[in-house]
Amino acid sequence: MHRIVLFLLFQALVVGSFAQSARLMGKITTEEGPVSFANVSLKGTSIGTSTNEDGEFEIQNIPPGTYILQVSAIGFASITESITLTGGE
């Protein structure tokens, strides 16, 4: 099994004018290049998405908080990482 190298360009941003929420963006890669169609989710929630052909993903409207980011793809070992997202002020 290959190991996924998690390269996250994540940042918490305000995506609504009345409610605070965060947006998570990133790119999943290996030493050989991007991982297409990997599953990216926040463990213990129903929040998640899949990467595109270039390994990029974006999840919007996430309540601020601390989460376990989980990434999995066929043929790769799953990885998890603790992240904290904050909304704007």
Side-chain angles (χ1 to χ4, degrees):
M1 269 194 186
H2 295 91
R3 181 178 164 93
I4 296 174
V5 175
L6 180 61
F7 176 66
L8 287 180
L9 303 173
F10 66 84
Q11 52 189 332
L13 301 173
V14 176
V15 293
S17 59
F18 298 107
Q20 289 187 353
S21 59
R23 176 171 66 175
L24 179 65
M25 302 180 302
K27 184 170 185 173
I28 308 301
T29 63
T30 67
E31 294 81 14
E32 289 84 35
V35 179
S36 302
F37 311 111
N39 296 309
V40 179
S41 62
L42 301 179
K43 192 172 182 176
T45 73
S46 60
I47 300 171
T49 191
S50 296
T51 61
N52 64 15
E53 299 85 16
D54 298 319
E56 300 167 340
F57 70 92
E58 180 177 0
I59 305 172
Q60 297 184 16
N61 300 321
I62 306 168
T66 300
Y67 298 94
I68 301 296
L69 179 67
Q70 184 170 326
V71 180
S72 62
I74 295 174
F76 295 92
S78 296
I79 60 170
T80 59
E81 183 174 325
S82 179
I83 61 170
T84 300
L85 302 175
T86 58
E89 298 185 24

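Quick caveat, the model's predicted, so the values are computed rather than measured.
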Hey, what do you get for CG (Leu42) to OG1 (Thr49), rounding to the nearest 0.5 Å?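 Atom-to-atom, Leu42:CG and Thr49:OG1 are 10.5 Å apart.
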Looking at [X] and [Y], what are the two nearest heavy atoms and their distance?
{"X": "Lys27", "Y": "Pro34", "answer": "CE-CB, 4.2 Å"}
{"X": "Ser72", "Y": "Ser78", "answer": "CB-OG, 3.2 Å"}
{"X": "Ala22", "Y": "Thr86", "answer": "CB-O, 3.9 Å"}

Result of checking Ile79, Thr80, Leu85, Leu24 against Leu69 for side-chain contact (heavy atoms from CB on, under 4.5 Å):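 In the set Ile79, Thr80, Leu85, Leu24, the residue that makes a side-chain contact (heavy atoms from CB on, under 4.5 Å) with Leu69 is Leu24.
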Sequence neighbours excluded, every pair satisfying salt bridge (Lys or Arg N to Asp or Glu O under 4.0 Å) that has a member inside residues 42-58: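 Residue pairs with at least one partner in residues 42-58: Arg23-Glu58.
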Quick one: list whatever passes side-chain contact (heavy atoms from CB on, under 4.5 Å) with Thr66, sequence neighbours left out.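 In terms of side-chain contact (heavy atoms from CB on, under 4.5 Å), with neighbours along the sequence ignored, Thr66 is linked to Ser82, Thr84.
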Who passes side-chain contact (heavy atoms from CB on, under 4.5 Å) against Ser41, sequence neighbours left out?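 Counting only residues at least two positions away or on another chain, Ser41 forms a side-chain contact (heavy atoms from CB on, under 4.5 Å) with Gln70.
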Hey, is the main chain of Ala38 close enough, under 3.5 Å, to the side chain of Thr51 for a donor-acceptor pair? yes
